[in-house]
Every structure is written in C-alpha cells, then in structure tokens.
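Report on one structure; see the data block that follows.
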Amino acid sequence: MQMTRTFRNRLFATAALATILCAMPVRARAASKEMIQLQTQVQQLLDMVQRLQTTMDTRFAVLQNLAQQTSDQAVQMNSTVTALQQKMNAENEAISGKLDTNSGQVQSLNDSVDELKTRIAKLEKTVQDLQGQLQNIQNPPQGGAPGAPGGGTAPAPGEGSAGPGAANGAPPMVNQTPPLQQTFQAALSDYNAARYKLAVGEFQDVIHYYPMDDMAGTAQFYLGEIAYREGNFDEAVKDYNAVLEGFSGNAKAPAAQLHKGLALLKLNRHDAGVHELRALIQRHPQTPEAAQAREKLNGMGVRINPTRS
C-alpha cells in the first residue's frame, strides 16, 4: 500500500514535470516575441529621440549663429555711432572755433574802424586848430589909434616899438613841446618806482602833446593802472575805456579790457564785469589776457559762453 502510494506520487511528479517541461517552450517563445517587439519600439523611440536631438542641435546652431551675427552687428553699429558722434563733436568744435575766430576778427575790424574814425576826428580838429593859427599869423589884429596926437600917425608894427621882452633884451616866450620818447620813458620809470604823481603828469603830457601817437594809448593805459593800484576803480574804468575806444589796436588793449572787467567786479558791477571779460575772450581769444579772463570766470563759476549749451 505504501509502495503503491509512493509510486503514484512519483508518477504524478513525473507527469507534472513533463507537463511543465512541455509548457516551457511555448511561454519562452511568447516572452521572446514580446521582448523583440519591446526592443523594436524602444529602438524606434531612440531613433526618434536621436532625430529630435539632431533637429534641435541644428536649430540651436542656427539660432546661435543668428545671435552671434546680431551681436556682431550691434557692436559694429555701436562702433559706427561712436565714431560718428566723435566726428560730429570734432566738427562742432572746429566750427565753433572758426566762428569764435571769425567773430574775433570781425570785432577787431570794427575796433580798427572805430579807432580810425576817432583818429580822423582828432586829426580834423588838429587841422582846424592849425588853420586858425595860420590865419591869425597871416592877418594879425591892428594895434594903436587912428591918429597920434599932433597929427602924427601911429607907428606901424615893428616900427618904433618892440615885442614883449625887447626892452630888457630877453627872447620872446616859446611854447616848447617835450620830446616824446624821453617823456614816455621818464613816466614809465616813475611808474615802476611807484612815483605815481610824477608819472601821471608825464603820461598826461604824452597824451596832450602827441594825441595821435600810439604811445598816447599806452600812456592812457598806465594812467588806468595807476588809478587801479590806488583803488580809484571808477577812474581806472574811464582810463581803460579811453584806450579801448581811442586806441583799440594798441598792444595794451587786451590788458585794458581785462583790467576794466576786474575793476568793474571790484565796484560790485558783476554783470558789467562778466560782460567785459567775455568780450575780451571773444575779441582776443589767443592772448594771455583771454586765458586770465577764462580762469577768472571759471573761478567765479560763470560760463564763458552763455549761449552755448
């Protein structure tokens, strides 16, 4: 009985094993087919991903190239705009400099014309004075009475009488004109030695006896300098004005205009002083006085050219 049961169990086990062994190839073949399909699908997905990656790389490269080209164009445009701006600034400065130069030249011409007019007027007055003196010499006034006592006639001029000083043998009085160079040099020497009272008289002699000479303008300038040093700024402004109006071509004209502006500032006439300094820079832009005027205006915080932005 026991042996029969054992045999039966072994038989069942053998049958089960045979059944399992028979069923295994079918399941293996089914699993292999599914694996092949899955691998095929995975490969297709990989291919699609690869193509998509290739497409993305291509498009990204195109976009990167476009971005680089745009950046290069922007840099080039910026460089071009900067170069144009620098060129425009240089041209504006050149034009401004030419305008300032032309304006200064025109102003200098106007000053020269004004100076010529002033000198012509002085020359006409001098000619009129000389003509009057010549007329007096040619037609002297008749002296004496119509008839002398006892029926005699009055002696003619020069007969029986002598001129002034003839009685004591002295020569007639002559109004002597001081020499120009010596008078001016003496005045300048006294000015440098701070003998201002003597210098004023000598400079005034130069102006009085030689009004048409250019040294008269220089003497007028030094009169203004003396007044400025003595603190008489009103008188200094008048003297500097005389130089600018009557001797605008004089070498001291720029200094006269500079010191006139400074004197006006000393008198608290701010606007007039600033105007004078600006006019000096416009008329004589290349002179040391113009440089001093610029420095003064900059120190005051005043713009040199109010019309320029």
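Basis for what follows: all heavy atoms, side chains included, without hydrogens, waters or symmetry-related copies.
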#### Entry: Closest heavy-atom pair and its distance - A216, I207
O-CG1, 3.6 Å
### Query
Tell me, do R51 and T54 make a side-chain contact under 4.5 Å, heavy atoms counted?
no
### Task
Could you walk me through whether D239 and V243 pass the side-chain contact (heavy atoms from CB on, under 4.5 Å) test, one step at a time?
CA-CA 7 Å; D239 290 326; V243 177; 6.0 Å; no
### Results of salt bridge (Lys or Arg N to Asp or Glu O under 4.0 Å) for R195 - residues two or more places apart only
D190
### Query
With distance as the sole test, does E202 use its side chain to make a donor-acceptor pair with the main-chain N or O of A187 at under 3.5 Å?
yes
### Message
For a quick test of reading the model, state the closest non-hydrogen atom pair linking L277 to L265 and the distance between them.
### Response
CD1-CD1, 4.2 Å
### Query
Heavy atoms, side chains only, cut-off 4.5 Å: are P254 and H259 in contact?
no
### Query
Shortest non-hydrogen contact from V274 to L297?
CG1-CD2, 4.1 Å
### Query
Counting only heavy atoms not in E295, do more than 12 sit closer than 6.0 Å to its CD atom?
no
### Query
Taking atom CD of Q182 as the centre, does the number of heavy atoms from other residues, nucleotides or ligands within less than 6.0 Å exceed 12?
yes
### Parallel, tilted or perpendicular: ring planes of Y196 versus Y191, cut at 30 and 60 degrees
tilted
### Message
Check for me, please, whether L46 and L38 land in the same ILVMFWY cluster - side-chain distances under 4.5 Å, paths through other members count.
### Response
yes
### Task
Scan Q220, Q257, E225 and name whichever one has a side-chain hydrogen bond (donor to acceptor under 3.5 Å, both in side chains) with Y240.
E225
#### Entry: Gap separating the CD atom of E276 from the CD1 atom of I281, nearest 0.5 angstrom
11.5 Å
### Message
Restricting to non-hydrogen atoms, name the atom on A253 and the atom on S248 that form the minimum distance, rounded to 0.1 Å.
### Response
CB-O, 3.4 Å
### Task
Of all the heavy-atom pairs spanning A236 and A227, show the shortest one and how long it is.
N-CB, 3.7 Å
### Task
Without swapping roles, check the side chain of N78 against the backbone of A74 for a donor-acceptor pair under 3.5 Å.
no
### Query
Would you call the rings of F203 and F184 parallel, tilted or perpendicular, where under 30° means parallel and over 60° means perpendicular?
perpendicular
#### Entry: Atom pair CD/CD of Q41 and Q39 - distance to nearest 0.5 Å
11.0 Å
### Task
Provide the closest heavy-atom pair for T183 versus P178 in the form atom of the first, atom of the second, distance.
OG1-CB, 3.4 Å
### Message
Do L198 and M215 land in one hydrophobic cluster if side-chain heavy atoms of ILVMFWY residues count as linked below 4.5 Å?
### Response
no
